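Report on the following structure.
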Amino acid sequence: MTRYDETHSRWRRDPEAYWAAAAKAIDWDVPPARVFDPALGVYGRWFPGARLNTCHNAVDRHVAAGRGEQAAIIWDSPMTGRVETITYAALQQRVAKVAGALAARGVGRGDRVIVYMPMVPEAAIAMLACARLGAVHSVVFGGFAAAELAARIADAKPKAIVSASCGLEPGRVVKYKPLIDAAIALSPHKPGAVLVLQRPEHPCELTPGRDEDLLAAEAAAAPHACVSVEATDPLYILYTSGTTGAPKGILRDNGGHAVALANSMSLVYGVGAGDVFWAASDVGWVVGHSYIVYAPLLAGCTTVLFEGKPVGTPDAGTFWRVCADHGVKVLFTAPTAIRAIKKEDPAGAFLARHDLSKLEALYLAGERCDPDTVTWSERLLAKPVVDHWWQTETGWTITGNFRGLGLFPTKPGSGGKPAPGYDVVVLDEANQEVPRGQIGSLAVRLPLPPSCLPTLFNADERFRDAYLAAHPGFYSTADAGMIDADGYVWVMSRTDDIINVAGHRLSTGAMEEVLASHPDVAECAVVGVRDTLKGQVPLGLVVLKHGVTKDEATIGGELVAMVRERIGPVAAFKDARIVARLPKTRSGKILRATLRKIADGDEYVVPPTIDDPVILEEVGEVLKGAMR
Ligand code: COA
Ligand code: AMP
């Protein structure tokens, strides 16, 4: 038996004992008397009755333990040319004062705060300050448009927003202030206070009576102590794409999150206090929440917060330079980032210029990883490369490979084996487990482990409908795939309308809503077309209303501008094609699943219910022509 098999079996035999042991790594105000109560919440709650503060666990306790002078955050920003180190002691002071500033503006336990920030240390500080107060942050990714920000403000009803004057994209300054103003104007809920980090690259004018300078507010504030909260109290809401335009508010609790994330640092990544960990992602995504901010700090590591891109800032050697400069032990990024580097530097000339002796492993997640990317990076780095599968909903890995247990051999293209805590199964439509090697819906037997969402924010029914209804007794991941004879899990595709563009999770349904609102569009479909760099890119197929004579370039340009305006540049919607008709069933439903398969380059069968196979052929040709 390998250590992985032994640990997974130990968890299976007695899950409560497994998580009770993991909970010992956390400082509790009231230690858990009960590990799990199946009678609470929608499917049960972890550590009910226990009390803690997540910020204390991520910051203060390390200072108390004598690690105050260790670097907590290294901010490396090729976008500005600056590198700054914040020690745990300095982080504690800054977080306590920002918490004081928020408290002075009426933010307390349970209140929501929207954080809309670029990759600057103040983003992590704002998140931790909320955690310190027992307030609930909701970070919104900077690449979303004002309307998306407005939808989140309307749903979360924040008391305050913490933001910055600008974000920096290559060749472009993203001015946040007009986006915040437009979002607040659009939202029926108006936050009382907006604290703005004035960045020297583009300071903005503050709206009197509402906006204040974040750094001035921090300087004037009294430091605030950590507020003890229930383990089951919410720590944050992170909105993610659902199957409709309305984003789903994924809820994360304090106790289960702290336990699972602290545990994951040693179990999954094999790092501990004092090690340097770098998740090259964005605080707006779950990877950023879990592995730029919370998990490395809970474990007493140094975390790297990087403001830049894998290529072009200034070159394809940036990732390796950051690893070498800061002594990164484990790097975590999306396969897209590695594909971008590989495209520009296939032979690894940039890599050869840096001393990567401290780097021990590369972890990849966020999208399906093609075997080429794994083998190329493994060969070049001569270090283990681990593909691991997870979702915003879970907050940490569902399947992977576990440095803390000694790595088992990888199979490129597979997401590894289930983490202790997850009983992963493949189900058919009748809710029966399918034989090994057969494709079906990937599901997790309830209860989900700590850190996974207990429900959606203010939406228990939607949670049940979206995740629990399809397979009673299981959480549906909305991914299809299989488990092979050796127990490796292979994640193949989504079963819903979510596409994954450069590691960013997007809803084609939301894009279709935008296209359908164009006055000349009769009907439309958006599909994710295979792309060698970004994995998938959205393609709009539109049927025009009778009598419209505009050409494809004109309509396409208008639709591209509309999606950018309403969803944001991150949607990467750049291509819309006019088609005469869309393939449908005889009952009039657009054959989206079949279109998705063609666009992904997968095998497909023409559904027997099809109305006119010729239309499918016509549209199929358009899709194949759009693949890159
Ligand atoms: N704020 C504002 N705009 C943003 C943004 C942000 N935080 N992040 C991205 N955008 C914009 C980009 O500027 C770009 O706009 P453009 O259409 O004007 O060029 C658009 O959104 C698409 O961005 P992106 O998907 O990043 O594509 P790209 O072509 O600029 O870069 C890669 C390609 C591969 C370098 C980039 O996608 C990448 O680094 N991917 C890794 C993704 C990742 O880390 N995901 C996290 C999950 S683990
Ligand atoms: P997100 O919630 O943005 O993290 O996106 C989650 C989705 O990304 C999953 O449901 C999968 O479809 C996909 N995904 C993430 N990691 C992997 C992986 N390692 N392999 C395959 N798909 C992945």
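Just so we're clear, the structure is a prediction, and the values are computed from it rather than from any experiment. Whatever order the structure lists ligands and atoms in, that order sets their numbers, starting from 1.
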Any salt bridge between E307 and R199, counting N to O under 4.0 Å?
yes
Using a strict 4.0 Å cut-off to heavy atoms of V174, name the atoms of ligand 1 that fall inside it.
2 (C)
Closest non-hydrogen atom pair between G142 and Y176, with its separation:
CA-OH, 3.5 Å
Checking contacts now, so for atom 31 (O) of ligand 1, which I'm interested in, is there any protein heavy atom under 4.0 Å?
no
Side chain, backbone, both or neither: which part of R172 comes within less than 4.0 Å of ligand 1 when only heavy atoms are counted?
side chain
Taking only heavy atoms of V570 into account, list the atoms of ligand 1 that are under 4.0 Å away from them.
21 (O)
Identify the protein heavy atom lying closest to atom 10 (N) of ligand 1, giving its residue, its atom name and the separation to 0.1 Å.
E169 OE1, 3.4 Å
Report yes or no: does G366 have a heavy atom closer than 4.0 Å to ligand 1?
no
For A502 against T336, the heavy-atom pair lying closest together:
CA-OG1, 3.3 Å
Pairwise distance CG(L506) to CG(N500) - rounded to 0.5 angstrom:
8.0 Å
Minimum-distance protein heavy atom relative to atom 8 (N) of ligand 1
F141 CZ, 3.3 Å
What is the nearest protein non-hydrogen atom to atom 42 (C) of ligand 1, stated with its residue, atom name and distance?
A502 O, 3.1 Å
Ignoring hydrogens and geometry, is there a side-chain-to-backbone donor-acceptor pair from R339 to T532 under 3.5 Å?
yes
The protein heavy atom nearest to atom 18 (O) of ligand 1 is R564 NH2, 2.9 Å
Less than 4.0 Å from atom 36 (C) of ligand 1, is there any heavy atom belonging to the protein?
no
Tell me which part of A280 gets within contact of ligand 1: side chain, backbone, both or neither, using heavy atoms under 4.0 Å.
backbone
Atom 34 (C) of ligand 1: which protein heavy atom is closest, and how many Å away?
T336 CG2, 3.2 Å
Lining ligand 2 at under 4.0 Å, by non-hydrogen atom distance, are residues V286, G366, E367, R368, D387, H388, W389, W390, Q391, T392, D479, V491, R494, N500, R505
Do R505 and T240 have a side chain donor and acceptor closer than 3.5 Å?
yes
Where do E513 and R566 land on the salt bridge (Lys or Arg N to Asp or Glu O under 4.0 Å) test, with the steps shown first?
CA-CA 10 Å; E513 280 176 25; R566 302 235 202 117; over 6 Å; no
From D602 atom CG to M492 atom CE, the distance as rounded to the nearest 0.5 Å:
8.0 Å
All heavy atoms of P310 vs all of A340, minimum pair found to be CG-CB, 4.5 Å
Just to verify, which of V444, V425, L468 counts as forming a side-chain contact (heavy atoms from CB on, under 4.5 Å) with F474?
V425
Any T333 heavy atom less than 4.0 Å to ligand 1:
no
Please tell me whether W396 and N263 have a donor and an acceptor in their side chains that are separated by less than 3.5 angstrom.
no
Salt bridge check, D76 against R321: does any charged N sit closer than 4.0 Å to a carboxylate O?
yes
How far is atom 20 (C) of ligand 1 from its nearest protein heavy atom, and which residue and atom is that?
P569 O, 3.3 Å
Considering only the protein, which heavy-atom contact is closest to atom 33 (C) of ligand 1, and what is its distance?
K534 CE, 4.2 Å
Parallel, tilted or perpendicular for Y236 and Y294, by the 30°/60° rule?
parallel
Report the distance from atom CD1 of I114 to atom OH of Y239, rounding to the nearest 0.5 Å.
6.5 Å
Identify, for atom 47 (C) of ligand 1, the protein heavy atom at the shortest distance, and state residue, atom and that distance.
G503 O, 3.6 Å
Per-atom filter on ligand 1: closer than 4.0 angstrom to a heavy atom of G143 are 1 (N), 2 (C), 3 (N), 4 (C), 5 (C), 6 (C), 7 (N)
Residue of the set I161, L186, I180 for which side-chain contact (heavy atoms from CB on, under 4.5 Å) holds with I153:
I161
Look only at interatomic distance and state if Y176 has a nitrogen or oxygen under 3.5 Å from any nitrogen or oxygen of ligand 1.
no
Given R339, M119, K574, identify the one with the heavy atom nearest to atom 19 (O) of ligand 1.
K574
Tell me the nearest of P310, A337, S281 to atom 39 (O) of ligand 1, using heavy-atom distances.
P310
Between D600 and R368 (salt bridge meaning N to carboxylate O under 4.0 Å), is one present in this structure?
yes
